[in-house]
Each structure stands twice: as C-alpha cells, then as structure tokens.
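Below: the structure, in structure tokens.
Treat the numbers as computed from the prediction; the structure is a model and nothing was measured.
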Amino acid sequence: MNQRFGTSLAVGAAAALILFGADPARAQVTPAAGYTPPDDTPSVKVGGTIFADYTYTQEPTQTDSDNNRIHANSFNITRAYINVTGNISHLVSFRITPDVVRVGTVGGVAVPGLTDTLTYRLKYAYGQINFDDLQNNEAMSGVAQWKGSWFRLGMQQTPYIDYEEQIYRYRFQGPIMVDREGYITSSDLGATVHVNLPGNYGDFHFGVYNGEGYTRPEANDQKAFQIRGSIRPAPMVPVLKGLRLTGYYDSDNYVKDAKRNRFIGSLQFESPYCNFGFDYIKATDQNASASKPELKSQGYSVWATPQLPNGLGALLRWDYVQPYGYDVSTSAKQRMIVGPAYWFPTVRGVAAAVLLNFEQVKYARFTPKRPTEERYALSTLFNF
C-alpha cells in the first residue's frame with residue numbers, strides 16, 4: 001500500500017511539473033541546498049495620504065450673503081486616504097482605500113446636517129494574484145518579466161492615470177489634464193492584468209471595467225475595454241533609460257453603439273533632476289444615444305518637474321483643451337500652473353512636500369463668455 005501511494009505521488013508530481021513546463025528528470029523531491037521557501041505569513045499594513053491646501057481666488061470675485069464683493073479663500077482637504085494593504089500569501093494580496101469627499105446632495109436631495117460635509121467613500125477595494133512564481137518556470141521564460149506582474153479583480157486603478165501620476169508626482173496640487181477635464185477616471189470596478197516586459201523594456205496594463213467610474217454604479221450592459229502600453233526604447237543606455245513612449249485606448253459605449261472612446265499618446269522622461277511629460281488626447285462621444293452625432297474633442301498637456309538634490313523643486317505645466325465640437329468650433333480652454341516646491345528628506349516609502357503655486361485658466365471664444373480664473377495656493381502632501 002505504501003509503495004503504491006509513493007508511486008502515485010511521484011507520478012502526480014511529474015505530471016504537474018510537465019503541465020507547468022518543468023523537466024521532471026531534473027526535479028527534486030526535497031528542496032536543493034540553500035533554497036529559501038517564499039514567505040506565506042499573512043501581513044497587514046496601514047498607511048495614509050493627505051492633501052491639504054490653502055487657496056486664494058484672485059479672479060473671478062464673488063458676492064457673499066450681504067452682497068459684498070469678495071475674493072473666495074479657504075483651507076481645504078482634497079484627499080484623505082486610509083490605505084489598508086496586505087498579503088494573504090506571497091501570491092495573494094489586497095488593498096482597501098476609502099477616500100474623503102464633500103457631499104453635495106444625497107439622492108439629489110439636500111439633507112440637513114449631512115449636505116456639504118466631508119465623508120468617506122470607497123476608492124479602491126481589490127484582490128490581487130501575483131505571477132511571481134512564473135519567473136522561474138522554463139516554459140514561461142522569455143515571455144515576460146513575471147515578477148511584478150499580476151491579475152486584479154475589484155475596484156482598482158485604471159491603466160493610465162495612476163501610471164502617469166507616479167512620474168508627475170504633483171497630484172496633490174490637482175489632477176493631470178485627462179482626469180481634470182473628465183475624459184477618464186482614476187478608479188473603476190473591473191478585472192485587469194499587468195505584465196512587465198523582459199529586460200525592463202516596458203509594461204502593459206489592460207482589462208475590462210464597468211466604465212462608469214468608482215463614483216457611480218454600472219448603468220447598463222456596456223463594458224469598457226482599456227489598455228495601456230509603455231515602451232522604454234533604450235533601457236540600457238544611462239541617459240535614455242528614463243524615456244518611455246506610451247499609448248492608451250479606452251473603448252466604451254454610453255449605451256449600445258453610442259461611442260465613448262478615448263485615445264492618448266504620450267511621452268514621459270524620468271531623471272534624477274527633472275521629470276517631463278507630454279500627453280495628447282482625442283475623444284469621441286455620443287452621449288446617451290447612438291442616434292446623436294459624434295462629438296469630437298482633443299487636448300494636450302506639457303509639464304516638467306525639476307528637482308534638486310537638496311529637496312528644492314518646481315512644477316511647470318501648460319494644458320490646452322478644445323472641448324466637444326472642436327471640428328466646428330474654435331473655443332479653447334488654457335490652463336497654466338507654475339510654482340516652487342520643497343520635498344522634505346524622508347526614508348523610502350513615505351513623502352512630505354509643500355508647493356506654492358499660481359494657476360490661471362482662460363476660456364477663449366466660449367459662448368456665453370466665461371471669465372478668466374486665477375488662484376494662488378499653498379498645497380501640501382503627507383504620505384506614509
């Protein structure tokens with residue numbers, strides 16, 4: 001009986017090794033000397049992110065309840081995350097992140113004591129299966145750099161915004177252009193895969209989402225397919241290894257055959273002294289009905305974030321957007337953001353920064369005419 005059991009176990013092990021591409025002739029029943037098994041001890045970490053600012057609006061002025069002309073100014077909290085992350089095993093991890101938001105109405109109705117208060121909503125909640133074990137699988141070698149590749153299911157980052165924000169670094173001042181103008185959302189419910197290319201030549205992130213964003217439930221039977229591919233042309237050349245060429249496509253519908261498509265082409269460059277980016281977006285919308293004409297819009301954003309070793313830095317950014325109907329209209333929206341920054345000395349994994357910035361938004365040839373907006377702000381980041 002014991003001999004039969006042992007033979008069956010050996011056959012089963014060999015079959016499993018063949019299935020996953022290993023050579024059973026070279027397999028060992030016991031680990032080789034020096035082998036360190038992966039750590040499967042469950043772990044949970046709690047962190048946080050705070051964006052706090054003081055903003056003074058130079059233009060346009062407003063009228064208070066006593067008909068006084070005023071320059072609106074306020075202290076604000078625009079983000080307050082509580083990040084709960086952890087590992088169930090070395091292959092399975094998770095993240096839960098609520099996000100602060102100021103409530104306008106509840107169900108379209110003002111609620112005394114609740115309306116205009118700060119409350120929390122869910123921003124991220126997903127499980128992740130890591131592909132790290134495929135790294136040493138002979139059948140999969142050369143296909144991809146599996147360490148750092150994964151599958152996610154749940155409320156999670158969409159492929160483009162989180163990727164660029166890691167290079168941009170000044171999200172605490174405000175969203176990047178494609179997010180700020182409402183073209184795409186930073187989080188949504190879906191299932192996605194992220195794969196690193198061998199040799200540090202880039203990565204791909206693609207998946208299927210509801211398409212409504214994390215602030216709204218699914219509205220119909222339509223789903224959004226989103227994909228981002230980023231290529232490093234010369235990862236082995238020191239002066240060029242920070243260069244990436246990126247393409248992103250979002251194929252979605254408001255309802256059946258009513259398009260909600262976005263294409264982004266971008267270039268990013270990272271270096272110890274300055275990060276740089278250029279984004280171009282083109283969008284097609286048939287809001288709510290396939291019988292409506294297709295509305296085109298486009299825009300671009302150019303930004304640079306110089307940084308010195310002593311922590312001094314700056315944000316320089318220019319956005320230009322032609323809203324819906326740019327093919328028949330000459331209206332345009334222009335945004336300029338400039339200001340010095342200081343990044344406090346911290347250990348890896350945490351960050352603290354302060355940015356003194358000026359933002360100007362101009363509206364050209366809009367009907368009705370819209371006034372120029374000018375704001376001064378002291379923006380801060382606390383990430384731990």
Side-chain angles (χ1 to χ4, degrees), residues 36-52 77-101 118-135 144-173 175-176 179 184-196 200 202-210 212-215 226 228 230 270 343-353 380-384:
T36 302
D39 185 4
D40 282 324
T41 304
S43 65
V44 177
K45 297 180 181 179
V46 179
T49 301
I50 301 171
F51 295 170
I77 294 292
T78 57
R79 173 175 291 182
Y81 282 175
I82 298 174
N83 292 311
V84 181
T85 59
N87 296 313
I88 297 174
S89 72
H90 77 286
L91 293 179
V92 182
S93 57
F94 64 89
R95 177 177 177 178
I96 302 172
T97 301
D99 177 30
V100 70
V101 64
L118 291 172
T119 188
Y120 273 100
R121 63 184 175 190
L122 198 61
K123 180 69 178 284
Y124 304 121
Y126 60 79
Q128 175 174 307
I129 299 176
N130 302 309
F131 297 155
D132 291 12
D133 278 7
L134 294 177
Q135 191 65 31
Q145 178 71 28
W146 294 109
K147 187 173 179 59
S149 300
W150 39 255
F151 165 81
R152 283 179 183 169
L153 180 65
M155 186 177 290
Q156 58 184 288
Q157 296 91 336
T158 51
Y160 190 81
I161 292 177
D162 184 69
Y163 156 79
E164 179 153 298
E165 285 182 351
Q166 302 302 314
I167 306 170
Y168 178 65
R169 300 194 308 148
Y170 283 89
R171 172 62 181 83
F172 64 94
Q173 189 281 333
I176 60 175
D179 185 8
I184 55 179
T185 183
S186 59
S187 176
D188 202 350
L189 285 150
T192 72
V193 173
H194 175 265
V195 176
N196 289 322
N200 198 29
D203 71 297
F204 284 86
H205 184 189
F206 56 91
V208 178
Y209 297 85
N210 281 346
E212 309 301 329
Y214 68 99
T215 61
Q226 300 182 30
R228 175 190 56 81
S230 299
E270 294 180 90
W343 291 78
F344 292 89
T346 58
V347 298
R348 186 184 179 94
V350 299
T380 63
L381 163 69
F382 304 94
N383 185 72
F384 55 92

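Judged by distance alone, the side chains of T85 and N83 never bring a donor and an acceptor atom under 3.5 Å apart. Under 3.5 Å, the side chains of R95 and Q128 contain no donor-acceptor pair of N or O atoms.
Judged purely by atom type and a 3.5 angstrom limit, S187 uses its side chain to pair as donor or acceptor with the backbone of Q156. No donor-acceptor distance shorter than 3.5 angstrom exists from the side chain of Y209 to the backbone of T192, with no hydrogens or angles considered. Proximity of a side-chain donor or acceptor of H90 to a complementary backbone N or O of N130 within less than 3.5 Å is not detected. Remark: the backbone N or O of K123 is not paired with any side-chain donor or acceptor of T97 at under 3.5 angstrom. A donor-acceptor pair under 3.5 Å is formed between the side chain of T380 and the backbone N or O of A52. At distances below 3.5 Å, at least one donor-acceptor pair connects side-chain atoms of D39 with backbone N or O atoms of T41. Side-chain N or O atoms of T158 include one that pairs as donor or acceptor with a backbone N or O of T185 at under 3.5 Å. R228 places a side-chain N or O within 3.5 Å of a backbone atom of P159 that can act as its donor or acceptor partner.
Q157 is listed as a side-chain neighbour of Y126, based on a closest heavy-atom distance under 4.5 Å. Side-chain contact between T78 and F172 is absent, with no heavy-atom pair separated by less than 4.5 Å. Residues Y120 and V100 meet the side-chain proximity criterion, which asks for heavy atoms closer than 4.5 Å. With a 4.5 Å cut-off on side-chain heavy atoms, D99 and R79 count as touching.
Of all the heavy atoms in A351 and T346, the pair that sits closest is CA-OG1, 4.1 Å. Closest approach of M155 to L122, counting heavy atoms only: SD-O, 3.4 Å. Closest of all the heavy-atom pairs between G349 and N383 is O-ND2, 3.9 Å. Taking every heavy atom of both residues into account, N87 and S93 meet most closely at OD1-CB, 3.2 Å. Between F131 and V193, the shortest heavy-atom contact is CE1-CG1, 4.2 Å. Pairing each heavy atom of I167 with each of E270, the nearest pair is CG2-CG, 3.5 Å.
Checked against the 6.0 Å centroid criterion, the rings of F94 and W150 do not qualify as a close aromatic pair.
Applying the ring pair (Phe, Tyr, Trp, His ring centres under 6.0 Å) rule to Y163 yields no partners; only residues at least two apart in sequence or on another chain are considered.
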What verdict does the side chain to side chain contact (heavy atoms under 4.5 Å, CB included) test give for D179 and I184, after you've listed the backbone C-alpha separation in whole Å, the side-chain angles of each residue and the deciding distance to 0.1 Å? CA-CA 6 Å; D179 185 8; I184 55 179; 5.5 Å; no
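Note that NE2 of H194 and CZ of F206 are 10.0 Å apart. Values are rounded to the nearest 0.5 Å. Summarising the geometry, atom NE2 belonging to H205 is positioned 14.5 Å from atom OH belonging to Y160; distances are rounded to the nearest 0.5 Å. Atom CG in L91 sits 8.5 Å away from atom CD1 in I129 (nearest 0.5 Å). Atom CG of L189 is separated from atom CG of L153 by 9.0 Å, given to the nearest 0.5 angstrom. Considering CD of Q145 and CG of D132, their distance stands at 9.5 Å, rounded to 0.5 Å.
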